[in-house]
Structures are given as structure tokens and as C-alpha cells.
Amino acid sequence: MADLYSRISEECQKIGINSNELGRLLSLKKGPLTDWKNQKSKPTLDQLVKMCEIFAVSADYLLFGTAHKDLTTEECNLLDKYIALSPYDKEDILALIDFKLQRTSGVKAKLSHSESISSVNIS
């Protein structure tokens with residue numbers, strides 16, 4: 001938790017807000033950082049998601065200190081949403097992605113095959 005507190009505190013400094021302002025943004029009556037630092041409480045899932053939006057970082061960065069450096073914000077958001085799913089829902093999503101990829105690659109294969117046929121000069 002101390003690492004989480006450190007990362008949240010660093011992110012607050014980066015965007016120029018203090019604990020009380022973060023608390024206000026999270027709709028809390030007081031600044032949450034002191035309680036988190038002293039391990040009297042910890043952020044809820046909703047608060048964690050809101051902090052990710054406020055700081056423009058991924059949840060895995062706040063929780064574990066890792067970041068998807070080569071991913072776009074959209075890709076990070078997608079990954080964060082996938083992580084939050086149940087194992088059953090993750091299976092469904094992976095099956096849908098596989099289906100889409102197979103369908104897309106099949107279309108590309110058909111296009112490239114017909115393109116090569118149309119390029120043949122029949123005299």
C-alpha cells in the first residue's frame with residue numbers, strides 16, 4: 001500500500017494538486033492520502049478508476065508500478081477494462097477477438113488472392 005500511496009502522491013504533485021483537492025475530485029469529505037498512507041483505509045475500485053482518469057495513468061501503474069509504455073491511452077483503457085472482467089467474460093472477449101481476427105484475415109486473404117488473379121494478363 002505504501003507504494004500505491006507514493007505513486008498517488010507523485011501523480012498529485014505532477015498535476016499540481018494536494019490531498020484535499022484529490023479528495024474533492026474523488027467526492028470525499030477529506031483528503032484521502034493521509035489515511036491511505038497510514039493504512040487506515042485504501043482506495044475503492046471506483047476511486048482507483050477515477051484517479052486513473054484524473055492522472056491519465058493505468059490502474060496497473062497505480063497498483064503495481066508497471067506501465068504500458070508502448071500502448072496508447074485507448075489500448076491502456078481497453079486492457080484495464082479487460083482486467084476487471086470475470087474469467088468467464090475474459091474467455092468470451094478472447095473468443096470474440098479470435099473470431100474477428102479470423103474473419104479479417106480471411107477477407108485479406110481473399111482480396112490478395114483476387115488481386116493476384118486480376119493482375120494476370122489473359123491474352
Side-chain angles (χ1 to χ4, degrees):
M1 183 64 82
D3 291 332
L4 172 62
Y5 164 79
S6 297
R7 284 186 288 279
I8 292 170
S9 182
E10 287 173 15
E11 293 302 319
C12 283
Q13 289 174 0
K14 284 181 186 177
I15 64 170
I17 64 171
N18 62 31
S19 177
N20 291 331
E21 291 170 303
L22 178 62
R24 185 182 54 75
L25 292 170
L26 296 174
S27 301
L28 300 173
K29 293 183 181 183
K30 62 178 186 167
L33 287 180
T34 303
D35 286 345
W36 295 341
K37 179 181 181 182
N38 296 329
Q39 298 185 354
K40 290 181 181 178
S41 67
K42 54 187 172 182
T44 65
L45 179 59
D46 289 339
Q47 292 167 343
L48 182 66
V49 169
K50 182 70 175 169
M51 285 188 288
C52 290
E53 293 170 1
I54 292 167
F55 302 138
V57 298
S58 63
D60 66 326
Y61 168 72
L62 283 182
L63 292 171
F64 309 111
T66 57
H68 308 292
K69 295 179 182 181
D70 295 333
L71 298 180
T72 66
T73 301
E74 180 183 23
E75 291 166 332
C76 287
N77 288 336
L78 180 62
L79 184 55
D80 289 339
K81 289 175 184 177
Y82 174 80
I83 289 169
L85 293 173
S86 71
Y88 178 79
D89 289 336
K90 286 178 183 178
E91 287 180 31
D92 284 351
I93 295 300
L94 290 175
L96 178 61
I97 290 170
D98 287 341
F99 171 76
K100 293 284 192 175
L101 288 172
Q102 287 174 357
R103 195 172 81 181
T104 302
S105 64
V107 169
K108 287 181 181 177
K110 289 177 184 175
L111 286 176
S112 61
H113 176 69
S114 51
E115 289 171 353
S116 63
I117 292 175
S118 66
S119 64
V120 175
N121 188 359
I122 302 176
S123 311

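Side chains are part of it too, since the values below use all heavy atoms of this structure and drop only hydrogens, waters and symmetry mates.
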Trace of the side-chain contact (heavy atoms from CB on, under 4.5 Å) decision for V49 with C52 = CA-CA 5 Å; V49 169; C52 290; 5.6 Å; no
With a 3.5 Å cut-off and no angle check, do the side chains of S6 and D3 form a donor-acceptor pair?
-> no
State whether a side-chain donor-acceptor pair under 3.5 Å links D60 with S58.
-> yes
Determine, step by step, whether I54 and L26 satisfy the side-chain contact (heavy atoms from CB on, under 4.5 Å) criterion, reporting the C-alpha distance in whole Å, the side-chain angles of both residues, the deciding distance to 0.1 Å, and the verdict.
-> CA-CA 9 Å; I54 292 167; L26 296 174; 4.1 Å; yes
Please determine which of L22, D46, L4 meets the side-chain contact (heavy atoms from CB on, under 4.5 Å) test together with M51.
->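 Going through the options one by one, the only one that passes is L22.
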Determine the minimum heavy-atom distance between K50 and L25, stating which atoms define it.
->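 Minimum heavy-atom separation between K50 and L25: CE-O, 3.6 Å.
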Straight-line distance of S19 OG to W36 CH2, nearest 0.5 Å = 8.0 Å
About how many Å separate CD of Q47 and CD1 of I8, when rounded to the nearest 0.5 Å?
-> 9.0 Å
Stepwise, does the side-chain contact (heavy atoms from CB on, under 4.5 Å) test hold for K100 with L96?
-> CA-CA 6 Å; K100 293 284 192 175; L96 178 61; 4.3 Å; yes
Under 3.5 Å: donor-acceptor pair, side chain of E21, backbone of N18 | yes
Salt bridge present between R7 and E10 (N-O < 4.0 angstrom) =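 The answer is no: the pair does not qualify as a salt bridge.
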Any heavy-atom pair between the side chains of [Y] and [X] that's under 4.5 Å?
| X | Y | answer |
| --- | --- | --- |
| E11 | Y61 | yes |
| T34 | K40 | no |
| E74 | L78 | no |
| T44 | L48 | no |

Applying side-chain contact (heavy atoms from CB on, under 4.5 Å), run through K42 and Y5 and close with a yes or a no.
-> CA-CA 9 Å; K42 54 187 172 182; Y5 164 79; over 6 Å; no
Group every Ile, Leu, Val, Met, Phe, Trp and Tyr by side-chain heavy-atom contacts under 4.5 Å, then state whether L101 and I93 land in the same group.
-> yes
Any chance CD of E53 has more than 12 other-residue heavy atoms, nucleotides or ligands included, within less than 6.0 Å?
->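 Yes, because the 6.0 Å sphere around CD of E53 holds more than 12 heavy atoms from other groups.
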Stacked cation flag K90 on Y82, 6.0 angstrom / 45 deg =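 Yes - K90 lies over the ring of Y82, closer than 6.0 Å to its centre and within 45° of its axis.
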